[in-house]
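What follows is a short report on a single structure.
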Amino acid sequence: MSQKVNTAKGTRDYLPVEVRKREYIFKAISEAFQRYGYESIETPSFELSGTLLGKYGEEGDRLIFRILNSGEKLNKADLEALQNGQLGKFANSLSEKALRYDLTVPFARFVAQHQNELTFPFKRYQIQPVWRADRPQHGRYQEFYQCDGDVVGSDSLRNEVELLQIIQQVLQGLKLPGFTIKLNNRKVLAGIAQVCGVEQELSALLVTLDKFDKIEKQGVKDELTLKGFSSQVLDKIEPLFQLQGDFEERVLQMRVFLSGNELGLKGLEELSYVHSKLKDFLPEREIIEFDVTLARGLNYYTGIIIEVKAHSVQMGSICAGGRYDDLTALFGLKGLSGVGISFGADRIYDVLNTLNLFPESLNMGPEILFLHFSEKHVDQCDIWAKYLRERRKKVEVYPSAVKLQKQLKYANDRGIKWVVFYGDEEAAKQQLILKDMITGDQRTYNADSWLTDWLG
RNA sequence: GAGGUUGUAGCUCAGUAGGUUAGAGCGUCGGAUUGUGGUUCCGAAGGUCGCGGGUUCGAAACCCGUCUCCCUCCCCA
């Protein structure tokens, strides 16, 4: 290699062994969704800027990759805006398309656009890459795959329950030893703000509250003080840091905190309902946790908020989601409530890799390789190979008659278990040798009957 | 978007008071073994020292810029 080459920042290549592992994850997720009747859809990699901009909060727009206009359209560049330092306006004049930032907003657009072609409640899953102009860090990429499942057109909490079951099944299916599903509810958070009389500063309060697990109580208080919250408010929220016990016990404590606040109590009721239903389904409900400080979630969430973290590995959340009552309204379709979750496939990959949880079988290549002695004998090998492939075996015939040492090394490197020796010596005796590359054992078979003998 | 850090062979890394021809291990390739791999032994190939500029008689090393890596914010899968 004479020139230094690299993938772009925050992106990476996937070698065959990595693709096998990724497909293992995708398969676990898509099969789980399918078992619950979700249909797969796809949307374009990029959308009109207007579809995406403004949907993810003020910070969100900054992280959206913009696609530069090409050709004559560049003449539309608003140089005046540039002169005046209006960078946002200038950027908009240069770009009218953007790479999707997540799968939820494009899905909302999709539902609004195809409302007459869909049957509601509509359940879909979608596995595609998304792009964020974020600064790469451990477990954070600029291109990564999300695996979303959403239900729109039903406000039943049974959908939440179903999605949580799916999460549990996927993660259990992937043999993840431990994980915590944290739940909260936007209504509870709104209730907290109302009780404290800071409804106007709701999002400022939530952003800080959400950092509780990281910066702890004092850190939260310091930051809130810095943001101008009064000491009365700080005193008022004190009980939020003192919650103890299991899910229901915490709900009870919050009932006291939110007593008289209709919205907040409604949120608690929802949480309680979801938790009680899960009890019937999930064998290990202790992994379900009520976390009042969980505020994370995009600003379109209105109900339940979900976040999942893996145990015994330091990594951000591997799955997140929530209910959004009005997302499609932004695209002209009102009165349609949705709830969804999003698995972070790349993070799940990193977790499974770190904990060495991928099955050993993923390292295996084709099952059997026919060594190539000469064109004369390889024709017979092709016939056998065809027979085996028709029986769903992964089979290779080495392409040329290079020295055996090289062919065996090839088999070894590829993780091929069986190799077949069929050269002059074997052909003369109407035999072949089958060698087990793992144990090193080899056995002679009759060339006419080995297939049935070996296949059993 | 703000701050910090890193970059030498395919990989992991040595290499500074600036000084001939930039090294090792692993991997790769060839041979020992022209019909037996994963072990061993011998040998070989492989580097614009991230990129661009500057300081200097002389830069992998010092300075500036840029890109990348990793980290802290921000935000999030």
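This structure is a prediction, so every number in the text was calculated from the model and none was measured. Chain naming here is simple, since letters A, B, ... match the order of the sequence lines and numbering starts at 1 in each.
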Sticking with atom [atom1], work out how far [N] lies from [M], rounded to a whole angstrom.
N     : M     : atom1 : result
B:U6  : B:G25 : C1'   : 22 Å
B:U68 : B:G1  : P     : 11 Å
B:G38 : B:U33 : P     : 15 Å
B:A24 : B:A44 : P     : 11 Å
B:U12 : B:U20 : C1'   : 29 Å
B:U21 : B:U8  : P     : 23 Å
B:A9  : B:A22 : C1'   : 11 Å
B:A14 : B:C75 : P     : 37 Å

salt_bridge(A:D325, A:R186) N-O dist < 4.0 Å: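 No, no charged N to carboxylate O under 4.0 Å.
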Whole-Å distance separating the [atom1] atom of [X] from the [atom2] atom of [N]:
X      : N     : atom1 : atom2 : result
A:K406 : B:G35 : NZ    : P     : 15 Å
A:K417 : B:U36 : NZ    : P     : 22 Å
A:L371 : B:G35 : CG    : P     : 12 Å
A:K9   : B:U66 : NZ    : C1'   : 12 Å
A:D213 : B:C75 : CG    : P     : 13 Å
A:D134 : B:U68 : CG    : P     : 14 Å
A:I25  : B:A77 : CD1   : P     : 17 Å
A:L15  : B:G10 : CG    : P     : 16 Å

Would you mind pulling out the nucleotide paired to [N], Watson-Crick or G-U wobble, both distances under 3.5 Å?
N     : value
B:C62 : B:G54
B:G23 : B:C13
B:U72 : B:A2
B:G43 : B:C29

What does [X] touch in the nucleic acid at a heavy-atom separation under 4.0 angstrom: a base, only the sugar-phosphate, or nothing?
X      : answer
A:K435 : base
A:D346 : nothing
A:V130 : nothing
A:F343 : nothing
A:G415 : nothing
A:G60  : nothing
A:F373 : base
A:I438 : base
A:G316 : nothing

Axial cation check for A:Y445 ring with A:R443, 6.0 Å and 45° limits: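 Yes.
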Establish, yes or no, whether the cationic atom of A:R132 lies under 6.0 Å from the six-membered ring centre of A:F144 and within 45° of the ring axis.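 Verdict for A:F144: no cation-pi partner in A:R132.
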Ring centroids of A:F144 and B:A77 base under 5.5 Å with planes under 30°: yes
Check whether any side-chain heavy atom of [X] lies under 4.5 Å from a side-chain heavy atom of [Y], and answer yes or no.
X      : Y      : result
A:L164 : A:I181 : yes
A:L53  : A:I64  : yes
A:Y56  : A:V105 : yes

Between the base of [N] and the side chain of [X], is there a donor-acceptor distance below 3.5 Å?
X      : N     : value
A:R414 : B:G37 : no
A:R135 : B:C74 : no
A:E426 : B:G35 : yes
A:R132 : B:A77 : yes
A:Q407 : B:U36 : no

Does [N] have OP1 or OP2 under 4.0 Å away from a side-chain N or O of [X]?
X      : N     : result
A:Q137 : B:U72 : yes
A:K211 : B:C73 : no
A:K409 : B:U36 : no

Of the nucleotides [options], which has the atom closest to the [X] side chain?
X      : options             : answer
A:L408 : B:A77, B:C75, B:G37 : B:G37
A:K214 : B:C69, B:G35, B:C73 : B:C73
A:P136 : B:G1, B:G35, B:C70  : B:C70
A:N412 : B:G37, B:C76, B:U72 : B:G37

Please confirm whether the ring centroid of A:F46 lies under 6.0 Å from the ring centroid of A:F65. no
In terms of the nearest nucleotide of RNA chain B, which residue is placed more toward the 5' end: A:K403 or A:Y410? A:K403
Any chance you could lay out the salt bridge (charged side-chain N to carboxylate O under 4.0 Å, His left out) test for A:K409 and A:D413, step after step, and finish with the verdict? CA-CA 6 Å; A:K409 181 170 161 48; A:D413 292 348; 3.3 Å; yes
So if I apply the ring-ring contact (aromatic ring centres under 6.0 Å, His included) rule between A:H377 and each of A:F370, A:W384, A:Y422, which one comes out positive?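 For A:H377, the ring-ring contact (aromatic ring centres under 6.0 Å, His included) test succeeds with only one of A:F370, A:W384, A:Y422, which is A:Y422.
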